Amino acid sequence: MPKSLAPWEIERKLMVKTEDKTNVRYGHKPEERPAEEYMRYGVINLDKPAGPTSHEVAAWVKRILNLKQVGHGGTLEA
Amino acid sequence: MTGVLPVTLEESTKTVQALLHSGKEYVCVMKLHSDASEKRVNEVLKEFEDTIYQRPPLRASVKRQLRTRKIYYIDFLEKEERNVLFQVGCEGGTYIRKLCYDVGEVLGCGAHMQELRRTRAGPFVENSETFVTLHDVAYWFIEWQQHKDESTLRKFIQPMETALTLVPKVYIRDSAVDAICHGANLTAPGVLSLETGINNGALVAVLTLKGEAIALAKTFASTEEILNMEHGVVAKTERVLLPRGTYPRVWKSGEK
């Protein structure tokens with residue numbers, strides 16, 4: 001059986017089916033979202049400190065940034 | 001345990017599903033319970049590469065059922081007396097504590113996990129400009145509140161699309177966007193381009209030409225098949241990420 005590649009080792013190419021343009025009047029490039037929206041549609045690449053659980057750390061971020069909801073990608077046990 | 005913990009803010013929490021499927025990488029210190037040669041440790045670690053079986057530990061948040069996990073690579077780094085340092089790239093949901101225990105069993109001397117640091121969670125890595133501490137978050141947020149300079153926000157927050165970097169992408173027409181936002185499935189005429197290596201049943205990110213994430217979807221066909229399709233459903237919309245009405249509604253509602 002061939003060795004399976006990690007998701008970050010897989011190389012993908014973009015295949016074009018048809019060409020089209022996008023209208024600048026609608027939506028935003030992700031990095032050009034207005035500030036409030038940019039935050040609500042944002043992710044933090046956080047260095048988890050030792051001690052608190054992943055949930056506790058996420059809850060701190062929620063409080064610091066005064067947000068309604070935060071989540072985290074994969075529990076890193078305390 | 002320390003290291004990479006992607007924290008999703010409000011709306012971006014919907015991308016967690018994609019992050020959980022994007023793999024993890026750890027650096028681990030394993031403590032052997034008696035002496036073993038470096039060569040032997042190296043050999044045994046290599047035996048754990050590829051597919052392994054694990055039963056989640058007693059204190060786990062999932063059902064304790066034997067399951068398989070992929071170990072993409074496991075590399076011996078250093079050994080000092082009974083401490084072994086190694087790096088492992090694995091599927092999400094792999095218990096490293098369990099892996100250390102099992103390595104110890106195969107070695108015959110017993111072992112346990114001493115220290116663990118996550119060096120990667122999907123597209124998020126340490127040693128990158130975006131990697132920040134809780135202190136950084138608090139500092140930059142106050143800075144942002146005082147000066148309202150948007151570049152401050154970008155220093156510690158990334159757009160949710162960053163979380164989807166490793167998920168294969170499908171780009172669609174502006175005119176197909178709003179239907180997807182209302183939960184419709186993606187059909188062939190809307191597809192403009194897509195990445196290679198997509199299989200039937202794969203999780204894909206559906207994006208606008210501006211690169212905004214519209215939804216996560218499960219495909220009904222492969223890259224090659226989709227490229228040749230003129231009509232029909234290409235993917236089932238699983239999780240909508242873009243609010244309705246961002247793009248104009250150009251579709252007709254079905255007859256009742």
Side-chain angles (χ1 to χ4, degrees), chain A residues 1 3-35 37-51 54 57-58 60-62 64-78, chain B residues 1-13 16 19-20 22-24 50 70 72-73 89 92 118 121-122 124 126 128 130-134 137-138 141 150 153 156-163 166 168 173-174 191-197 208-212 223 227 246-248:
Chain A
M1 208 170 81
K3 182 179 173 289
S4 35
L5 290 174
W8 52 90
E9 294 174 318
I10 300 170
E11 282 177 37
R12 297 183 194 276
K13 274 195 288 233
L14 190 68
M15 307 295 285
V16 177
K17 195 170 177 229
T18 3
E19 301 277 354
D20 200 8
K21 287 199 182 100
T22 179
N23 191 328
V24 290
R25 283 166 59 202
Y26 309 112
H28 300 278
K29 286 184 181 172
E31 58 278 12
E32 289 171 7
R33 286 191 182 110
E37 210 176 303
Y38 184 84
M39 267 183 82
R40 289 195 302 113
Y41 286 85
V43 185
I44 298 179
N45 180 11
L46 193 75
D47 186 356
K48 180 192 170 293
S54 299
V57 171
W60 288 354
V61 171
K62 181 173 145 183
I64 294 170
L65 302 182
N66 192 19
L67 295 171
K68 288 192 198 75
Q69 193 197 353
V70 305
H72 58 83
T75 303
L76 190 53
E77 58 175 303
Chain B
M1 310 305 112
T2 65
V4 180
L5 180 73
V7 176
T8 53
L9 313 180
E10 302 206 343
E11 296 298 321
S12 77
T13 302
V16 164
L19 275 177
L20 297 179
S22 294
K24 307 280 176 354
D50 217 345
K70 282 209 178 82
Y72 305 118
Y73 50 84
R118 184 146 74 197
F124 298 100
E126 56 168 10
S128 88
T130 66
F131 194 50
V132 292
T133 63
L134 277 171
V137 171
F141 185 62
E150 295 197 8
L153 283 183
F156 71 104
I157 301 175
Q158 315 310 313
M160 68 169 165
E161 284 76 6
T162 315
L166 302 179
R173 287 178 206 281
D174 282 6
V191 178
L192 292 172
S193 58
L194 71 165
E195 289 188 326
T196 51
T208 66
L209 279 181
K210 294 185 189 77
E212 307 154 282
T223 301
L227 282 171
T246 307
Y247 280 73

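Note that the structure is a prediction, hence the values are computed from the model and not measured.
Closest of all the heavy-atom pairs between Val70(A) and Ala58(A) is CG2-O, 3.1 Å. Annotation for Lys210(B) and Pro30(A): closest pair O-CD, 3.3 Å, computed over non-hydrogen atoms. When all heavy atoms are compared, the tightest approach of Tyr38(A) to Pro159(B) is OH-CD, 3.6 Å. Shown here for Lys48(A) and Ser54(A), the closest heavy-atom pair between the two residues is CE-N, 3.8 Å. Contact detail for Val43(A) and Pro6(B): the closest heavy-atom pair is CG1-CB, 4.3 Å. When all heavy atoms of Lys24(B) and Gly92(B) are compared, the closest pair comes out as NZ-CA, 4.0 Å.
One N or O on the side chain of Asp174(B) and one on the backbone of Asn23(A) form a donor-acceptor pair closer than 3.5 Å. Put simply, the side chain of Arg40(A) never gets that close to the backbone of Glu11(B): no donor and acceptor are under 3.5 Å apart.
Between Trp8(A) and Tyr72(B), the angle of the ring planes goes over 60°, which puts this pair in the perpendicular group of the 30/60° scheme.
Using a 4.5 Å cut-off between heavy atoms, Glu212(B) touches chain A through backbone and side chain atoms alike. Using a 4.5 Å cut-off between heavy atoms, Leu46(A) contacts chain B through both its backbone and its side chain. If you measure heavy-atom distances from Thr8(B) to chain A, the contacts under 4.5 Å come from both the backbone and the side chain. Contacts between Leu19(B) and chain A at a heavy-atom distance below 4.5 Å involve the side chain alone, from C-beta outward. Within the 4.5 angstrom heavy-atom criterion, only side-chain atoms of Glu150(B), from C-beta onward, approach chain A. Contact of Thr162(B) with chain A is not made at all, since no heavy-atom distance falls under 4.5 Å. With a 4.5 Å cut-off on non-hydrogen atoms, Glu37(A) does not touch chain B at all. Contacts of Arg25(A) with chain B are absent, with no heavy-atom separation under 4.5 Å from either backbone or side chain. Contact of Lys21(A) with chain B is made through the backbone alone, with heavy-atom distances under 4.5 Å. Interface remark: Leu227(B) contributes backbone and side-chain atoms alike to the contact with chain A (heavy atom separation under 4.5 Å). For Thr208(B), no part lies under 4.5 angstrom from a heavy atom of chain A. Using a 4.5 Å cut-off between heavy atoms, Val16(B) touches chain A through its side chain atoms alone.
The side-chain heavy atoms of Met1(B) and Arg118(B), taken from C-beta on, include no pair separated by under 4.5 Å.
When each of Arg12(A), His72(A), Gln69(A), Glu31(A) is checked for heavy-atom pairs under 4.5 Å with chain B, Arg12(A) comes out on top. Between chain A and the residues Leu209(B), Thr223(B), Leu192(B), the largest count of heavy-atom pairs under 4.5 Å involves Leu192(B). Your options are Lys13(A), Lys17(A), Glu11(A), and the one with the most heavy-atom pairs under 4.5 Å with chain B is Lys17(A). Top candidate by heavy-atom pairs under 4.5 Å with chain B, chosen from Thr18(A), Val24(A), Ile44(A), is Ile44(A). No other option in Met39(A), Lys62(A), Lys29(A) has as many heavy-atom pairs under 4.5 Å with chain B as Met39(A). Top candidate by heavy-atom pairs under 4.5 Å with chain A, chosen from Phe131(B), Phe141(B), Tyr73(B), is Phe131(B). The most heavy-atom pairs under 4.5 Å with chain A, out of Leu194(B), Val137(B), Val191(B), Leu166(B), come from Leu194(B). Heavy-atom pairs under 4.5 Å with chain B were tallied for Glu9(A), Glu19(A), Arg33(A), Glu32(A); the largest tally goes to Arg33(A). Ranked by non-hydrogen atom pairs under 4.5 Å with chain A, the options Ala138(B), Gly122(B), Ser128(B), Pro168(B) are led by Pro168(B).
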Requested in this report: Run the numbers on Val132(B) and Asn45(A) for side chain to side chain contact (heavy atoms under 4.5 Å, CB included), then give the verdict.
Outcome: CA-CA 6 Å; Val132(B) 292; Asn45(A) 180 11; 5.8 Å; no
Report task. May I have the step-by-step check of side chain to side chain contact (heavy atoms under 4.5 Å, CB included) for Tyr247(B) and Thr22(A), ending in yes or no? Result -> CA-CA 10 Å; Tyr247(B) 280 73; Thr22(A) 179; 4.0 Å; yes
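Thr133(B) and Asp47(A) form no side-chain donor-acceptor contact under 3.5 Å, judged by distance and modelled atom types alone.
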